[in-house]
K.L.:
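Questions regarding the structure given below will be posed in turn.
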2 protein chains.
Amino acid sequence: MNKESTGGRPISAQASAALKEAALRLVRAKGYNKVSIAVIAKEAGVARQTLYNRWNTKADLVLDALFEEAQNYAAAPSLNDTRDSRVLLEEFLTNVFHHLTDNGDMMRALIAAAQIDRAFHDTFYAKFVLPRDRMITDLLRLAQTRGEFSSDRNAELVSGFIHGAFWYRLLNRKALNADFARAIISEFFD
Amino acid sequence: MNKESTGGRPISAQASAALKEAALRLVRAKGYNKVSIAVIAKEAGVARQTLYNRWNTKADLVLDALFEEAQNYAAAPSLNDTRDSRVLLEEFLTNVFHHLTDNGDMMRALIAAAQIDRAFHDTFYAKFVLPRDRMITDLLRLAQTRGEFSSDRNAELVSGFIHGAFWYRLLNRKALNADFARAIISEFFD
DNA sequence: TTACTTATTGGACTGAAGTCTAATATTTAT
DNA sequence: ATAAATATTAGACTTCAGTCCAATAAGTAA
């Protein structure tokens, strides 16, 4: 578990940063599928093997880069916020939809990669899908303790329904906007 | 629009059939991503170019093969069936889930291909996604005329929610079973 | 300084998707 | 029979992902 059990040349943080920066920039400029690993490495000024030393696939690199860029990428709604749960959820969804509108190509590509590559699926699910699913589950449970969402309902299940609703729209390349956020609220929350 | 405007060697129906058969068999045996176009062609006993003359990608071929295999692949529920709409929907979903349980790898791969390849997305959406979405939309509208589903609700929107629910489960490699079908019914139909 | 360890680099190599072409085969129209 | 049109075949070629390796660089421990 030590970062360095013995000596040896340290991993270049500069190379890592350059790779992540180049990956995001090129993918945004040209589209995920138009950017090859070789071009990302060249643009970052490092050898291809250096990229493979850090990430197994382009998807792993891009996921990592996205995370680093946006610590606050659609942050979880505060569970201390005293406004109505419907408002909190709507605000959260509207936020997520903005990010998906900006980064839709990338997110669709990552979801696709997770279908093709089992190892990436596991990473993506653990690092991205599940945490986000839990954000809404937690919000629904909060709403239940407040009496704003029926305690009879299964929060996990409903969170899955909500995510399914916008995944389906995303994957079929339909717009994700504030109207759709409101439609979700009124479907599941009333 | 003529099948043959003038003369010329006709397309070999036998080659088409052999390619579709080989594609399904190999994909089921080895998994979608482990089967190359070259191997499918070799197994079918035709040249690779003959495959490309018919389909642009492996995804197009497999989609076609799936359609041919199952004309009755999760057929639309009969709109003349007089049983309660909940029963019709539950039966339909259970059917779909059985097929997705058997062909989940293939379906996930096709959805992934639609994310990577815009042209295939359009084909897949028009030939597969939209018709299936309409089956549930139509069923919900029938339920509305029967007074079994509130006329206030937007059938198209709810159909999208239902599809989203099981797409999300499918793409995250969770089981699709009769319990989940019932959970969907009670969420959206009551 | 020297030995050891690990990272980086550049290049070779394989397998697959996809494009292209020349030669050949199979059909219809004359 | 011959010409015209289209399909099939085999193979060359490019690009990319992914693997592997030997030489070199950059650290740590003695």
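Reminder, nothing fancy here: chain letters follow the sequence lines and each chain counts from 1.
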K.L.:
Is it the case that more than 12 heavy atoms not belonging to B/Lys127 sit under 6.0 Å from its NZ atom?
P.N.:
yes

K.L.:
Using ring centroids (six-membered ring only for Trp), state whether A/Phe188 and B/Phe161 fall under 6.0 Å.
P.N.:
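Between A/Phe188 and B/Phe161, which both carry aromatic rings, the centre distance is below 6.0 Å.
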
K.L.:
Cation-pi check for B/Phe128 against B/Arg132: NZ or CZ below 6.0 Å from the six-membered ring centre and within 45 degrees of the axis, yes or no?
P.N.:
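Yes; both conditions hold, so B/Arg132 lies above the ring face of B/Phe128.
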
K.L.:
Does the gap between the ring centers of B/Phe180 and B/Phe166 come in under 6.0 Å?
P.N.:
no

K.L.:
Taking it one step at a time, do A/Glu91 and A/Asn95 satisfy side chain to side chain donor-acceptor pair (under 3.5 Å)?
P.N.:
CA-CA 6 Å; A/Glu91 200 170 278; A/Asn95 238 305; 5.8 Å; no

K.L.:
If I take atom CD1 from residue B/Ile136 and atom CD1 from residue B/Ile184, how far apart are they, to the nearest 0.5 angstrom?
P.N.:
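Here the rounded value is 8.0 Å.
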
K.L.:
Which whole-number value in Å describes the distance from A/Arg54 CZ to C/dT9 C1'?
P.N.:
12 Å

K.L.:
Note the angle between the end axes of the helix from C/dT1-D/dA30 to C/dT30-D/dA1, five pairs defining each, rounded to 10 degrees.
P.N.:
0°

K.L.:
Within the structure, does a side-chain N or O atom of B/Thr50 lie under 4.0 Å from either OP1 or OP2 of D/dT9?
P.N.:
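Result: yes.
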
K.L.:
At under 4.0 Å between heavy atoms, which parts of nucleotides 10-16 of chain C does protein reach? Answer with one letter per nucleotide, 5' to 3': B base, S sugar-phosphate only, - none.
P.N.:
B-B---S

K.L.:
Between A/Thr57 and B/Ala15, name the one whose nearest nucleotide on DNA chain D is closer to the 5' end.
P.N.:
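Final value for this comparison: B/Ala15.
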
K.L.:
Kindly compute the distance separating OH (B/Tyr32) from CG (B/Leu110), expressed to the nearest 0.5 Å.
P.N.:
5.5 Å

K.L.:
Which pairs of donor and acceptor atoms, one on a side chain in residues 13-27 of chain B, lie under 3.5 Å apart (sequence neighbours left out)?
P.N.:
{"from": "B/Ser16", "atom 1": "OG", "to": "B/Ser12", "atom 2": "O", "distance (Å)": "3.3"}
{"from": "B/Ser16", "atom 1": "OG", "to": "B/Arg54", "atom 2": "NE", "distance (Å)": "2.6"}
{"from": "B/Lys20", "atom 1": "NZ", "to": "B/Glu68", "atom 2": "OE1", "distance (Å)": "2.7"}
{"from": "B/Glu21", "atom 1": "OE1", "to": "B/Arg25", "atom 2": "NH2", "distance (Å)": "3.2"}
{"from": "B/Glu21", "atom 1": "OE2", "to": "B/Arg25", "atom 2": "NE", "distance (Å)": "2.7"}
{"from": "B/Arg25", "atom 1": "NH1", "to": "B/Glu43", "atom 2": "OE2", "distance (Å)": "3.0"}
{"from": "B/Arg25", "atom 1": "NH2", "to": "B/Glu43", "atom 2": "OE2", "distance (Å)": "3.4"}

K.L.:
How many whole angstroms separate atom CD of A/Gln14 from atom P of D/dA26?
P.N.:
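After rounding, the reported distance stands at 12 Å.
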
K.L.:
Over how many whole Å does the gap from A/Tyr32 atom OH to D/dC16 atom P extend?
P.N.:
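For the pair A/Tyr32 OH and D/dC16 P, the rounded distance is 15 Å.
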
K.L.:
What is the distance from NZ of A/Lys58 to P of D/dG18, rounded to the nearest Å?
P.N.:
9 Å

K.L.:
Would you mind reading off the distance between B/Leu61 atom CG and C/dG18 atom P, rounded to a whole angstrom?
P.N.:
12 Å

K.L.:
With a 4.0 Å limit, can you tell me whether A/Asn53 has a side-chain N or O closer than that to the phosphate oxygens OP1/OP2 of C/dT8?
P.N.:
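True: A/Asn53 side-chain N/O within range (under 4.0 Å) of C/dT8 OP1/OP2.
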
K.L.:
Rounded to the Å, how far apart are B/Arg9 CZ and C/dA23 P?
P.N.:
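From B/Arg9 CZ to C/dA23 P: 17 Å.
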
K.L.:
What is the separation between atom CH2 on B/Trp55 and atom P on D/dA7, rounded to the nearest whole Å?
P.N.:
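Rounded to the whole Å, the gap is 14 Å.
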
K.L.:
Any carboxylate oxygen within less than 4.0 angstrom of a Lys/Arg side-chain nitrogen, looking at B/Glu148 and B/Arg83?
P.N.:
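A salt bridge is absent here (no side-chain N lies under 4.0 Å from a carboxylate O).
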
K.L.:
Whole Å only: how far is the CG atom of B/Asn33 from the P atom of D/dA17?
P.N.:
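Taking atom P of D/dA17 as the reference, CG of B/Asn33 is at 16 Å.
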
